[in-house]
Amino acid sequence: MAQPGSDFPHTHLLSADQLQRNHLDCIFQRSDEYLEQLRLHGPDGFSRVLNGVVVVLAFIESSTRTRVSFEVAAKRLGAQTLNFQAGASSLSKGESLVDTMFTIESNHPDLIVVRHSAAGTPEFLAGRLQSGIINAGDGRRQHPTQGLLDAFALRNRIGSLQGVNICLIGDIYHSRVARSNFDILRTLGANVAACGPGTLMPDSLEALGVRVFHKLDEALEWADVANVLRIQRERMDVGLLPSLREFQRQFGISGRHMQQHPELLVMHPGPVNRGVELSAGVVEHKRSLVLEQVEAGVAIRMALLALISEARGLV
Ligand code: ASP
């Protein structure tokens, strides 16, 4: 139940397109506070607003940074976390996802952060379970906290995103990050584009108002910001790319591009295939936001855990 007068009514976070402009402002405002706490204070500097809240981290598809980030975020706010390991669970004995989740829920957790390779899993669970569901990535569909942290990190570097040209580059077709970025960036008033090999670009992009580039040089001429996506080898059918080397030659960002475009900012959600999407020098470049994105991720996830807990009347 949302608190009266609250700007954040959501009791689940399933998809970036459920977030309107005032919801984004509310998330960013709270994230500002938490980012300051993360930067300036030691372990005692945090308000333990989630004391007593139990958060299950159900990463049924693998993850490093998102899982660590959610766990740190929950613990900084005083919540207790429980890691559910799919490989060590009854899922590996053939139990269905919904039965496993009903079992988890009978332990009465408050929030479940879920990642699954099947698109739509978070909605499916939210319709059947009592706990609050937070989508930490479902197949190719959505990764709303990544979209939020990308926008938050960029806004912290440059201010308003209104009218800023942001191009997502690389494997758009398999990328849940791209879908969440498009939703959030457009709500914030940015102009969005995509650039990549034809086989890795969905047909629907232009209909969604996303400008399409097939040549990297043209995209970088247009863009203020390049958000470069990982080649999703685990979701790739054979034959979509001639080779990684060919991809790197046509779409990889190197020091030469950084020199040619002296204002260009570069982002990447990680994990980076170094030398494929970004050359090593670009990852560490002063106009790369890669580590700022990771730091922003903890603050964003703290804010969401707190706002959803408030909306559910848990705290
Ligand atoms: N970490 C992001 C995700 O889980 C990006 C990636 O894996 O390429 O979607």
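Start at 1 and go down the list; that is how both ligands and their atoms are numbered. For reference, positions follow the sequence shown, starting with 1.
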Parallel, tilted or perpendicular: ring planes of F70 versus F59, cut at 30 and 60 degrees: tilted
With N22 via side-chain contact (heavy atoms from CB on, under 4.5 Å) - residues at least two apart: Q20
Under-4.0 Å salt bridge between E61 and R67: no
Cationic tip of R128 above F102 ring, under 6.0 Å, 45° of axis: no
Backbone N/O of D138 and side chain of Q142: donor-acceptor pair under 3.5 Å: no
Q250 side-chain N/O to E246 backbone N/O, donor-acceptor pair under 3.5 Å: no
One line per pair, note the atom names and distance for all nitrogen or oxygen contacts under 3.5 Å between ligand 1 and the protein.
| from | atom 1 | to | atom 2 | distance (Å) |
| --- | --- | --- | --- | --- |
| ligand 1 | 1 (N) | G270 | O | 3.1 |
| ligand 1 | 4 (O) | R115 | NH1 | 3.4 |
| ligand 1 | 4 (O) | R115 | NH2 | 3.0 |
| ligand 1 | 4 (O) | R176 | NH2 | 2.9 |
| ligand 1 | 7 (O) | R230 | NE | 3.3 |
| ligand 1 | 7 (O) | R230 | NH2 | 3.0 |
| ligand 1 | 8 (O) | R230 | NE | 2.6 |
| ligand 1 | 8 (O) | R230 | NH2 | 3.3 |
| ligand 1 | 8 (O) | Q232 | NE2 | 2.8 |
| ligand 1 | 9 (O) | R176 | NE | 2.8 |
| ligand 1 | 9 (O) | R176 | NH2 | 3.4 |

